[in-house]
J.: 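Mind looking over this structure? Questions follow.
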Amino acid sequence: MKKVAVNEKIRNIAIIAHVDHGKTTLVDAMFRQSEIYVPGLEVDERIMDSMELEKERGITIVAKNCSVRWKRVKINIIDTPGHADFSGEVERALSMADGAILLVDASEGPLPQTRFVLKKTIEKGIKVIVVINKIDRKDARPDEILDEIYDLFIDLDADDKQLDFAYIYAIGREGIAKKTLTEKSDDLHLLFETIINEIPAPQYDREEPFQMLVSDLGYSDYLGRLAIGRVFNGNAEFNDTMVCINDKEEHIPLKISKLQVYDGMKLKEVEAAESGDIVVLSGIEDVKIGDTICTKESPKPLKRISVDEPTISMEFTINTSPLSGKEGRIIQSGKIRERLIRETLQNVAVRFEQTEDRDRFIVKGRGEFQMAILIETMRREGFELSVGRPKVIYKHENGKMLEPIEKLFVDCAEDFLGIVTEKLSLRKGRLTKLVNNGSGRIRAEFSIPSRSLIGYRDEFLTDTKGTGIMNTLFAGYEEFRGDFPTRYTGSIVSDRQGNSVAYALFHLEPRGRLFIAPGEPVYGGMIIGEHNKDSDINVNPSKEKKLTNMRAAGKDESTICSPVKPMTLERAINFIKDDEMVEVTPKSIRLHKRVLSAQKRRLIRSAKNKH
Ligand SMILES: Nc1nc2c(ncn2[C@@H]2O[C@H](COP(=O)(O)OP(=O)(O)OP(=O)(O)O)[C@@H](O)[C@H]2O)c(=O)[nH]1
Ligand SMILES: [Mg+2]
């Protein structure tokens with residue numbers, strides 16, 4: 001019989017929201033005001049965004065744990081990313097939580113990712129506290145936003161209990177929370193109290209022995225692999241022997257060599273792990289996210305963490321360009337393979353497939369931004385590799401090809417609606433809703449294939465002069481809407497190896513937009529620019545001017561080249577066509593044709609035409 005007990009000393013909450021609505025900033029404020037904080041201690045801004053790329057980009061990429069204390073209750077907090085490509089992190093974080101704080105920007109209101117994360121919490125039956133954040137914004141409209149949040153709950157089929165959610169107004173950045181807009185408050189007292197009163201303390205069964213669900217993995221040079229997760233039942237102590245049940249239902253024995261818990265932003269060693277807490281356990285190397293760690297005598301696996309399927313796939317290969325191995329330390333396919341497998345261990349939303357060709361891998365994930373972050377991380381670690389264009393994952397049902405479809409939400413000035421609609425309809429998008437409330441800005445909704453959106457954001461920002469806002473939400477699979485060109489332009493391709501020179505580039509400028517400056521290494525098959533016309537052209541970017549005795553090279557006034565916008569990784573993977581690749585090294589991003597030889601490409605083309 002179940003003997004339900006609760007651990008009143010603990011609360012486990014995930015902080016969830018659309019991107020940039022202020023989650024990580026709110027965690028800073030909670031930390032500063034909690035009983036753990038030592039006055040005078042310097043706290044960096046967005047301390048939870050500890051990864052280099054998170055700091056540089058000002059966004060959260062990986063969900064992370066910390067804890068604060070309020071009136072002797074420990075609140076374990078999981079800060080999650082708001083970007084849709086990292087949604088898998090939210091699903092993983094919710095596996096540790098009994099409640100969620102849903103942040104909504106007081107001006108922007110609920111946006112697509114708000115809907116996604118709220119849907120996940122409602123499905124899990126997790127209690128939600130709504131925080132209408134950033135009420136200090138000049139354009140804040142908190143009352144309207146509250147109505148919109150109610151509508152969203154109703155739309156997501158929340159039951160009466162869920163509809164009766166507690167809500168708070170906040171200025172996370174200043175560490176202020178209040179019940180009504182008019183009352184005075186200068187701290188987060190109300191938020192802490194609401195968490196403790198509204199979020200249920202973790203429940204466990206008194207009769208059950210130790211059971212922990214591994215929701216995250218870490219690594220320490222001293223301790224090796226760290227298994228991180230919530231203790232669902234029972235207790236465990238240092239030196240206890242346990243088993244880890246993996247996805248093949250194998251029982252791998254282990255001995256607990258260290259137990260730690262979150263204490264503020266740090267870890268603290270403890271003798272014993274208690275029911276309901278989130279712990280960091282050492283003593284097992286061979287462990288995966290979703291495994292259960294439990295006793296040998298009574299091994300019962302918990303339900304594995306499930307996350308939505310990947311929607312995008314991308315080809316990763318070794319770098320086969322003639323410049324390979326010059327700029328990176330790690331170039332072998334075995335190492336790339338190992339690294340990608342390691343990624344799938346840490347990152348629940350990423351899948352890896354080996355192809356028949358041992359140098360070629362398929363990586364699947366939730367979006368091209370997630371892929372770009374993975375590639376960027378790898379190049380910083382010293383890898384060289386080549387990657388193909390991100391492709392959506394199709395499905396086949398009853399003889400029909402289905403493709404992923406997104407709901408696209410656009411908010412832009414009325415004047416830009418024409419161009420946006422035109423571009424989207426070229427890409428098989430359909431306008432499904434248009435709201436014009438006379439303010440000069442419109443809100444439009446489109447139903448559009450996911451593949452149409454790959455690389456579209458840049459174009460959208462250009463078309464709306466940087467003022468448009470676009471958000472997407474995965475809407476499901478629908479029948480394939482037909483082909484359309486991913487790009488209406490061709491490529492300017494180098495026909496030989498050498499170094500680019502100003503003279504040659506200057507004379508190529510009228511043919512299109514160049515990606516390289518004078519003095520850069522080039523090779524046959526390397527794409528050095530975007531052609532104005534829809535075909536590729538092969539050119540010689542290292543062609544020198546025939547020198548007369550009078551003039552030295554490079555002194556010619558007429559060969560001053562226009563500045564080039566360097567190719568970033570994200571632009572590059574969105575730019576290439578199916579027969580093109582991006583070469584990535586720690587120092588460079590280069591684009592090239594899959595087939596480097598112009599002659600071979602010609603042969604392939606004529607063979608295709610004959611067909
Ligand atoms: N006006 C105002 N701005 C805020 C407030 N809280 C956070 N911000 C700003 O909002 C931006 C985003 O803050 P973050 O805390 O990184 O948002 P986030 O939700 O963690 O973002 P992701 O993790 O990338 O989804 C930053 O520029 C913050 O300074 C607030 O209370 N008022
Ligand atoms: Mg964040």
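Please read these numbers as outputs of a predicted model, since none were measured by experiment. Only heavy atoms go into these numbers, but all of them, side chains included; no hydrogens, no water, no symmetry mates. When a ligand or atom number is given, it counts from 1 through the structure's own listing order.
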J.: Return yes if a side-chain donor-acceptor contact under 3.5 Å exists between Glu89 and Thr80, otherwise no.
T.: no

J.: Under a 4.0 angstrom heavy-atom cut-off, which atoms of ligand 1 come close to Ile59?
T.: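 By the 4.0 Å cutoff, the relevant atoms are 24 (O).
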
J.: Among all protein non-hydrogen atoms, which one is nearest to atom 24 (O) of ligand 1, and what is the separation to 0.1 Å?
T.: Thr60 N, 3.1 Å

J.: Consider only side-chain N and O atoms of Asp20 and His83, and report whether a donor and an acceptor are under 3.5 Å apart.
T.: no

J.: If you have a sec, work out which protein heavy atom is nearest atom 17 (O) of ligand 1 and how many Å separate them, to one decimal?
T.: Gly22 N, 3.2 Å

J.: May I ask you to identify, for Leu103, whether its side chain, its backbone, both or neither come under 4.0 Å of ligand 1 on a heavy-atom basis?
T.: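 Neither; nothing of Leu103 gets under 4.0 Å from ligand 1.
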
J.: Got a donor-acceptor contact below 3.5 angstrom from the Ser452 side chain to the Arg427 backbone?
T.: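 Side chain of Ser452 to backbone of Arg427: a pair is present.
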
J.: Tell me which protein heavy atom sits closest to atom 29 (O) of ligand 1, plus the residue, atom name and distance to 0.1 Å.
T.: Arg173 NH1, 3.2 Å

J.: Under a 4.0 angstrom heavy-atom cut-off, which atoms of ligand 1 come close to Ile171?
T.: 31 (O)

J.: Among all the protein's non-hydrogen atoms, which is closest to atom 10 (O) of ligand 1, and how far away is it?
T.: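 Heavy-atom neighbour on the protein nearest atom 10 (O) of ligand 1: Lys134 NZ, 3.0 Å.
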
J.: Can you tell me if Asp155 uses its side chain to pair, donor with acceptor, with the backbone of Asp151 under 3.5 Å?
T.: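 No, because the side chain of Asp155 does not come within donor-acceptor range (under 3.5 Å) of the backbone of Asp151.
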
J.: Please write down residue, atom name and distance for the protein heavy atom closest to atom 21 (O) of ligand 1.
T.: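 The closest one turns out to be Asp20 N, 3.2 Å.
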
J.: Please list, in number order, the atoms of ligand 1 under 4.0 Å from a heavy atom of Val19.
T.: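 It comes down to these atoms of ligand 1: 24 (O), 25 (O).
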
J.: For Ser313 and Glu353, which I'm curious about, is there any donor-acceptor pair between the side chains at under 3.5 Å?
T.: no

J.: If you measure only the distance, is there a donor-acceptor pair under 3.5 Å linking the side chains of Asp277 and Asn76?
T.: yes

J.: I want to know if ligand 1 touches Arg137 in the polar sense, i.e. an N/O pair below 3.5 angstrom.
T.: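 So ligand 1 has no N or O lying under 3.5 Å from an N or O of Arg137.
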
J.: Give the residue and atom name of whichever protein heavy atom lies nearest to atom 1 (N) of ligand 1, and the separation in Å to one decimal.
T.: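 Nearest protein contact, heavy atoms only, for atom 1 (N) of ligand 1 is Asp136 OD2, 3.0 Å.
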
J.: Is any N, O or S atom of Thr24 under 2.8 Å away from the Mg ion (ligand 2)?
T.: yes

J.: Side chains of Trp70 and Gln33: do they bring a donor and an acceptor to under 3.5 Å?
T.: no

J.: Mind telling me whether Phe165 and Tyr167 have parallel, tilted or perpendicular rings, with 30° and 60° as the class edges?
T.: perpendicular

J.: When you measure from the side chain of Asp263 to the backbone N and O of Lys268, does any donor-acceptor pair fall under 3.5 Å?
T.: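 Not a single qualifying donor-acceptor pair exists.
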
J.: Below a 4.0 angstrom heavy-atom separation, can you tell me which part of Lys23, side chain or backbone, both or neither, approaches ligand 1?
T.: both

J.: Under 4.0 Å from any heavy atom of His21, which atoms of ligand 1 are there?
T.: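 Result: 19 (O).
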
J.: Got an N/O contact under 3.5 Å between Asp49 and ligand 1?
T.: no

J.: Any side-chain donor-acceptor pair under 3.5 Å between Thr432 and Ser447?
T.: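 Thr432 vs Ser447: no donor-acceptor pair found between side chains.
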
J.: For Thr24, counting its heavy atoms only, list the atoms of ligand 1 lying under 4.0 Å from any of them.
T.: 15 (O), 18 (P), 20 (O), 23 (O)

J.: Identify which of Ala140, Ala106, Pro81, Gly172 has a heavy atom lying nearest to atom 31 (O) of ligand 1.
T.: Gly172

J.: Do any nitrogen or oxygen atoms of Thr25 lie less than 3.5 angstrom from nitrogen or oxygen atoms of ligand 1?
T.: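 Min N/O separation from ligand 1 is below 3.5 Å for Thr25.
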
J.: Just to be sure I'm reading this right: ignoring hydrogens, which of Arg46, Glu174, His18 gets closest to atom 26 (C) of ligand 1? Compare them by their nearest heavy atoms.
T.: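 Result: the heavy atom closest to atom 26 (C) of ligand 1 is in Arg46.
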
J.: Tell me whether the Mg ion (ligand 2) has Thr60 as a neighbour, meaning an N, O or S atom of it below 2.8 Å.
T.: yes

J.: When you measure from the side chain of Arg379 to the backbone of Thr585, do you find a donor-acceptor pair of N or O atoms at a distance under 3.5 Å?
T.: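 Answer holds: yes.
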
J.: If we count only N and O atoms by modelled type, under 3.5 Å, do the side chains of Glu274 and Asn7 hold a donor and an acceptor together?
T.: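 Yes, because at least one side-chain N or O of Glu274 sits under 3.5 Å from a partner of the opposite role on Asn7.
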
